[in-house]
> 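Got a structure for you, questions after.
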Amino acid sequence: MTAPAALRALRGRLLWFVDDPWAVGAAAHRFIEDGLLLIENGLVRAAGEAKSLLPTLPATAEIVDHRPHLIMPGFIDAHIHMPQTQVVASYGAQLMDWLNRYTFVEEQKLGEQGHAEKLSAFFLDELVANGTTTAAVYCSVHPQSADAFFTESQRRNTRMIAGKVMMDRNAPDALRDTAESGYRDSKALIARWHGKGRQLYAITPRFAITSTPEQLAAAGRLAAEHPGCHVQTHIDENRAEIAFARELYPEAADYADIYRRFGLLGPRSLMGHCIHMTHNEWQAFAETGAVAVFCPTSNFFLGSGLFDWAHARQSGVRVAVATDIGGGTSYSMLRTMAEAYKVLQLQGQSLSAYAALHAITLGNAKALGLDHLIGSFEPGREADVVVLDTGATRAMAHRLETVRDLAEELFVLVTLGDDRNVLATYVMGARVVLPR
């Protein structure tokens, strides 16, 4: 990583969002054809026309010319599993069998010395190579896995949300904690890492199936004691999973009610999948402010179902989007949005390029409650930036010969783009050398 200059200016085509395109249309975005992004001590100082800002710069300012490429806020991934980097592309199973046959086998390895460090380094390299600068991350049940992840993230100065998974049943013995140890270890990790530099903690009961009522109650206590922390878990991903959860918690009205009873539904709750939601569950999310996290490539790969984004919006529920590696099949948020487009098409819904790019920048920042820090180029925001070549492949360059406007160009980027389009990534204004 190159050290951030006291004043650095990135020149290129600037694109960022100030609102939701679904709500306000074209007024939601800002686009400057020849723009300058001024970064001072890692924060955005200004974003505007190059011709206006260049004359104001001191002679000591570093100017990096990325023309004619696109400069956007770094991408944000709202649900991803660090221990599953070697689970991606595991054949032929739906959720519960996939967990037992592949995922739990790999996650046990994080108890071995050095393995969590190895995976964390690879994982963060891969995120940055795909232009992702913030993610909500599941570690393994081992507290040292979260320590390893946060240590590596702090070294890179990336803003990450992460937590040790809590699970005390329906998993191999080597992957079980207890209600008491899960609470104690999570509390110690919160004290050690939450708010340290750019690191944030997520209380992480894996899902109701792998936690006893005692453990969900302990997770709820943590959430009450640490209201600044996120909560992340899974819900309504697979019909067999739903039936099992209802069997384990027969007193609950539905799956969402399991979490609500234990104080785990709230405005900082990131609820992965939300595919087979009932009317009452959507209502519970709207009432508590819980976030539905849409994981399209994972939902396709595991045959789980189709997320109904229109219903979520109509219900007043906030939505985030995520790769869900390793059920998901790409670290790229561009690839993720290409699959999101297809999910919605199958339901008679549409997703514009502007809506897709808003979702993985300001939209996810708002869903995570971090839009005051990341997700846009408004002054004072942390300068996490991705530089994109919209014609990086032969097929894309060929297609771009016929586009008529920016919206069409961006749609090509969203539907055909991946890590090959990422020319540079900046973290707090410092350029990261991309692994290739």
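Atom set for the values below is all heavy atoms of this structure, side chains included, hydrogens, waters and symmetry mates excluded.
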> Any donor-acceptor pair under 3.5 Å linking the side chain of Q84 with the backbone of T103?
no
> Between E281 (side chain only) and Y255 (backbone N and O only), is there a donor and an acceptor less than 3.5 Å apart?
yes
> So, for R101 and Y91, which heavy atoms are closest and what is the spacing to 0.1 Å?
NH1-O, 3.9 Å
> Hey, are the side chains of W309 and V343 touching, using non-hydrogen atoms and a 4.5 Å cut-off?
no
> Under a 4.0 Å N-O cut-off, is there an ion pair linking R313 with D20?
no
> May I ask you to decide if S140's main-chain N or O and E107's side chain share a donor-acceptor pair within less than 3.5 Å?
no
> Under a 4.0 Å N-O cut-off, is there an ion pair linking E409 with R13?
yes
> Starting from the C-alpha separation in whole Å, work towards a yes-or-no answer on side chain to side chain donor-acceptor pair (under 3.5 Å) for T336 and T297.
CA-CA 6 Å; T336 297; T297 74; 5.1 Å; no
> If every non-hydrogen atom of A322 is compared with every non-hydrogen atom of V293, which pair is closest and at what distance?
CB-CG1, 3.7 Å
> Does the side chain of L370 reach to within under 4.5 Å of the side chain of I161, using non-hydrogen atoms?
yes
> Could you check if a side-chain atom of H81 sits within less than 4.5 angstrom of a side-chain atom of V165, using non-hydrogen atoms only?
no
> Can you label the angle between the H311 ring and the W282 ring as parallel, tilted or perpendicular, going by 30° and 60°?
parallel
> Between R67 and R11 (side chain of the first, backbone of the second, donor and acceptor by atom type, cut-off under 3.5 Å), is there such a pair?
no
> With a 4.0 Å cut-off on N to O distance, would you call D147 and R192 a salt bridge?
yes
> Indicate yes or no for a side-chain donor-acceptor contact from R30 to the backbone of L14 under 3.5 Å, with no hydrogens or angles considered.
no
> Can you label the angle between the F17 ring and the Y354 ring as parallel, tilted or perpendicular, going by 30° and 60°?
perpendicular
> In sequence, state the C-alpha distance, the side-chain angles, and the governing distance for D418 and S332, and then conclude on side chain to side chain donor-acceptor pair (under 3.5 Å).
CA-CA 6 Å; D418 56 29; S332 169; over 6 Å; no
> Which pair of heavy atoms, one from L175 and one from F104, lies closest together, and at what distance?
CD1-O, 3.3 Å
> Might you point out which heavy atoms bring C229 and I203 nearest each other, and give the distance in Å?
CB-CD1, 4.1 Å
> Is a side-chain donor or acceptor of Y201 paired with a backbone partner of K164 at a separation under 3.5 angstrom?
yes
> Tell me if a side-chain donor or acceptor on T204 pairs with a main-chain N or O of A202 at a distance below 3.5 Å.
yes
> On a heavy-atom basis, which atom in G375 and which in A365 lie closest, and how many Å separate them?
CA-CB, 4.0 Å
> Knowing that exactly one of E241, H79, R206 qualifies, which makes a side chain to side chain donor-acceptor pair (under 3.5 Å) with H234?
H79
> Are the side chain of N364 and the backbone of V321 linked by a donor-acceptor contact shorter than 3.5 Å?
yes
> Is the backbone N or O of G289 less than 3.5 Å from a side-chain atom of R268, with the two atoms forming a donor-acceptor pair by type?
no
> What's the spacing between L368 CG and K366 NZ if we round to 0.5 Å?
13.0 Å
> Can any side-chain N or O of Q349 pair as donor or acceptor with the backbone N or O of A310 at less than 3.5 Å?
yes
> Could you grab the distance from atom CG of L10 to atom CZ of F377, nearest 0.5 Å is fine?
8.0 Å
> Which atoms form the tightest heavy-atom contact between I275 and S304, and what is the distance?
CD1-CB, 3.7 Å
> State plainly whether the residues D254 and R260 are in salt-bridge range, i.e. N to O under 4.0 Å.
no
